[in-house]
There are 2 protein chains.
Amino acid sequence: MKRKITLKQIARELDVSISTVSKALRNSAEISDDTKQKVQAFAKLYNYRPNNIALSLKNRKTNTIGIIIPEIVHHFFSKVIRGVELVANNRGYNVIVGLSNESFSKEVINMEMLANGSIDGFILSISKETQQLQDYHHFNETMSQGMPIVMFDRVVSDINCDKVIVDDLNGARNAVEKLIKNKCKSIALITTKDYVSVGKLRTQGYLDALEKHQIQPKAELILKIDDTLDYETHLEALEKEIEQLFKSNKNIDGIFAVNELYALSAMKVARKLGLDIPNDIQVIGFTDGVLSKHSTPSLTTVSQHAQQMGEKAADLLINKLENKIETEEEEFQTIVIETELIERESTK
Amino acid sequence: MKRKITLKQIARELDVSISTVSKALRNSAEISDDTKQKVQAFAKLYNYRPNNIALSLKNRKTNTIGIIIPEIVHHFFSKVIRGVELVANNRGYNVIVGLSNESFSKEVINMEMLANGSIDGFILSISKETQQLQDYHHFNETMSQGMPIVMFDRVVSDINCDKVIVDDLNGARNAVEKLIKNKCKSIALITTKDYVSVGKLRTQGYLDALEKHQIQPKAELILKIDDTLDYETHLEALEKEIEQLFKSNKNIDGIFAVNELYALSAMKVARKLGLDIPNDIQVIGFTDGVLSKHSTPSLTTVSQHAQQMGEKAADLLINKLENKIETEEEEFQTIVIETELIERESTK
DNA sequence: ATAAGTCACGAAAACGTTTTCGTGTTAAAA
DNA sequence: TTTTAACACGAAAACGTTTTCGTGACTTAT
């Protein structure tokens, strides 16, 4: 088991100084062609590669970015990671991931773990718990130490940093307008409790669409799910609630759900109640994941372009890292990614 | 924008030496209580945290592990990552991800990028292209430099390293036996081309089960899909092939598919042909992803315990890293994760 | 023959730690 | 009073780089 070779070893072996080796490898004009050739040949033979850690220390730059997300087993977030990884790699950066698991303390710990020199900047989407607690000190501290942050999807407006968000409001509005155009008269909304920023915006989009078409929103058509529960394990509870919604409102002919699972559950319940999709009820979901595509009937849904979000976020962060020309009074951007309604079988 | 504070700055500020500060913070007995208190208070005030990069350089240990996977937008792999992250974090390690995107060269590049000091060891699952090319020099080189590797799921038997694998053969056999016990007389197999190691093993499991029950395997019941195509985009092609299978073999009453998507497509085609699941045809898939759980009918499937695989892999790697007592003649383990048949609506 | 200039290289500092060893001061023991 | 021991701290090396600056040996021009 041979250790990785270092400049020092090459220098000793060739009986020159470390500086000479370093310069020779970087093709400095200071070094004679003879020596360069000798050194480069030797380095190649022993497969020399500069030690990244040493470079990071010297340059005070790690060329690594940290991404912290609430959950990785999730189509949306993994697509974002893919986007981040793609541009990060192309631009010479590595990506280190931290999972907050929707917990505030894990988010804080993860950030502290990485902020001590391991990375140059953060890309993150905040956890539900953080959204509830509204405790953002860790973001402020990190930024005050000169480490840039880019937030995506679940952002917090109080924090001044670059952001990449989905146009949740318009996405929702377009979806609901689609239902309205498709002659739905009684459109229900299945959403989350209001503290989830994106849930709130999508709810607002639903309301906007109704208002625009002079439809009176009815409270009994709005189902707010408590998603602090892990809904994967509380599937029946979810379905019960939806079934209740249907039974109390027999005239529902359209459903807009703020995520895939709610939409799928709605379809399942509808089928159970003998309703045909899309003839009796039309359904639109949010987030273009695998479920939407492969369900039967396949689900019309609002795509968020997750990968593109990741790409934008990474570009934003790396631009900031590389333009540290101390612009003073830095300016922060918010990039809005437009949604796209992907029409499938669950709507007419 | 204040930079992170360093030992040197604290030392200058308090008019002591760097060594004294360092020792005081680590509560060394060499330092007087007075000085310790002074230093510790100051450090706390300025929120001092040792610079990770400097520590890594000094200790020749980064406390970071690299994981390289073919694809992150994939339920199985993201679950593995979650497992890795979980134990890595608990044991004080960070995780840095690289995506090979099923490409040999990206796999190599990613490994080289990380092997230069950024990480202490690898966890990886090899890309399809690497499996085809059978070029494993990058693994050997990495290991010969003293960097341990743990392979999971898609492993290569020629390489001597720790491994975590799924019992694909038995998982498949059990699934097919389940179909046999459920009175299926004509069981079809939908699998991949043979170079994918796991596909091969699952195919073998299918054959074993048939043989055990004295059923003659028929070539026309075995459909081998070329999955170098991205099947997400070639869905229709896939369905066409399956439809052909059904039409040429009208008596098929059981399907075993080596992944979720094949199984789902089979169900879709069956439904289209007017067949009832599970009464006319029973279906079992492999990999317990979201699709299996939320499809209608929900899919009986072979679960691989992906998260557990990730956990085991991480434990294996970290154990190796921390027991570098130079056991000489090191020994490598292969941990086999047993599968579990999760019965749902697609079987009787 | 001397001054000036070029060439090829080495010494050393720096990045931020930890740790070994040395040393001056004070207190205890002879 | 002198020797020894304990105490509290600092200097320096090391991890592996890059880069600035200095310098000796030539070469060229005066």
Side-chain angles (χ1 to χ4, degrees), chain A residues 2-40 42-43 46-64 115-120 145-147 324, chain B residues 2-40 42-43 46-64 115-120 145-147 324:
Chain A
K2 51 180 186 201
R3 274 226 155 284
K4 291 226 65 168
I5 196 169
T6 69
L7 287 187
K8 189 191 282 196
Q9 292 170 45
I10 300 184
R12 194 186 312 138
E13 216 59 43
L14 297 183
D15 213 44
V16 291
S17 78
I18 297 180
S19 353
T20 304
V21 178
S22 176
K23 290 170 189 164
L25 291 176
R26 329 196 93 244
N27 247 314
S28 158
E30 272 184 78
I31 305 297
S32 70
D33 288 346
D34 257 17
T35 318
K36 274 190 210 171
Q37 290 211 347
K38 193 175 57 173
V39 172
Q40 289 174 2
F42 192 93
Y46 283 89
N47 196 29
Y48 169 79
R49 296 272 181 276
N51 179 306
N52 247 319
I53 295 292
L55 285 180
S56 296
L57 182 59
K58 176 118 191 54
N59 300 332
R60 292 228 211 61
K61 177 138 183 17
T62 63
N63 274 277
T64 301
N116 301 318
S118 300
I119 62 167
D120 297 334
Q145 288 174 350
M147 178 159 306
K324 279 273 176 182
Chain B
K2 53 183 184 201
R3 274 226 157 283
K4 290 226 66 166
I5 196 169
T6 69
L7 287 187
K8 188 190 279 196
Q9 292 170 45
I10 301 183
R12 193 185 315 137
E13 215 61 42
L14 298 183
D15 213 44
V16 290
S17 78
I18 296 180
S19 353
T20 302
V21 177
S22 175
K23 290 171 189 165
L25 290 176
R26 330 196 92 242
N27 247 313
S28 159
E30 272 184 77
I31 306 298
S32 72
D33 288 347
D34 258 18
T35 319
K36 274 190 209 170
Q37 290 210 347
K38 193 175 58 174
V39 173
Q40 290 175 2
F42 191 92
Y46 283 89
N47 196 29
Y48 170 79
R49 296 271 181 279
N51 179 305
N52 248 320
I53 295 293
L55 285 180
S56 296
L57 182 59
K58 176 119 192 55
N59 301 331
R60 292 230 210 60
K61 179 142 184 9
T62 62
N63 274 278
T64 301
N116 301 318
S118 300
I119 63 168
D120 297 334
Q145 288 176 348
M147 179 160 304
K324 278 273 177 182

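Here is how names work: the chains are called A, B, and so on, in the same order as the sequence lines, proteins then strands, and each is numbered from 1.
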Name the nucleic acid region contacted by A/Ser56, choosing base, sugar-phosphate or nothing; use a 4.0 angstrom heavy-atom cut-off, strictly under. nothing

Phosphate contact (D/dT18 OP1 or OP2) by A/Ser22 side-chain N/O below 4.0 Å: yes

Spacing between A/Asn116 atom CG and C/dG16 atom P, to the nearest angstrom: 13 Å

Whole angstrom value for the distance that separates C1' of C/dA13 from CZ of A/Arg60: 13 Å

Would you tell me if any nitrogen or oxygen in the side chain of B/Arg26 comes within less than 4.0 Å of OP1 or OP2 on C/dT17? no

Starting at atom CD of B/Gln37, determine the distance to atom P of D/dC9, rounded to an integer number of angstrom. 13 Å

Supply the atom-to-atom distance A/Asn59 CG to A/Asn52 CG, rounded to the nearest 0.5 angstrom. 10.0 Å

Ignoring the backbone of B/Lys23, work out which of C/dT20, C/dG16, C/dT18 is nearest its side chain. C/dT20

Reading DNA chain C from 5' onward, which residue's closest nucleotide shows up sooner: B/Pro50 or A/Thr35? A/Thr35

Judged by nearest nucleotide, the residue sitting upstream toward the 5' end of DNA chain D, A/Ile18 or B/Ile31, is B/Ile31

Just the rounded figure in Å: distance from C1' of D/dA14 to CD1 of A/Ile53. 16 Å

Calculate the interatomic distance between A/Asn52 atom CG and D/dT17 atom P; express it in whole Å. 10 Å

Counting any heavy atom closer than 4.0 Å, what does B/Ser32 reach on the DNA or RNA strands: base, sugar-phosphate only, or nothing? sugar-phosphate

Side chain of B/Leu55, heavy atoms from C-beta onward: which of C/dT17, D/dT17, C/dC15 has the nearest atom to it? C/dT17

Tell me whether B/Asn27 at atom CG has more than 12 heavy atoms from other residues, nucleotides or ligands lying less than 6.0 Å away. yes

Any chance you could measure B/Gln40, atom CD, to B/Thr35, atom OG1, to the nearest 0.5 Å? 10.5 Å

Within the structure, does a side-chain N or O atom of B/Arg49 lie under 4.0 Å from either OP1 or OP2 of C/dG16? no

Between CG of A/Asn59 and P of C/dG16 the distance, given in whole Å, is 12 Å

Looking at the side chain of B/Leu57, which of D/dG16, D/dG10, C/dT17 is the nearest nucleotide? D/dG16

Per atom distances to the B/Ser19 side chain, the nearest of D/dA12, C/dC15, D/dC15 is D/dA12

Give the minimum heavy-atom separation between A/Asn116 and B/Pro50, together with the two atoms involved. CB-O, 3.7 Å

If I take atom NZ in residue A/Lys4 and atom C1' in nucleotide D/dG16, what distance separates them, rounded to the nearest angstrom? 12 Å

Describe the nucleic acid contact of B/Lys8 in one word from base, sugar-phosphate, nothing, applying a heavy-atom distance below 4.0 Å. sugar-phosphate

Which heavy-atom pair separates B/Thr64 from B/Ser118 by the least distance, and what is that distance? CB-O, 3.9 Å

Considering only C/dG16, D/dG10, D/dT20, which nucleotide approaches the side chain of A/Glu30 most closely? D/dT20

Please report the distance, rounded to the nearest Å, between CG in B/Asp33 and C1' in D/dC7. 12 Å

Let me confirm one number: the CG-OG1 distance from B/Asn51 to B/Thr6, rounded to the nearest 0.5 Å. 9.0 Å

Closest to side chain of A/Asn51, choosing from D/dG16, D/dC21, D/dG10: D/dG16

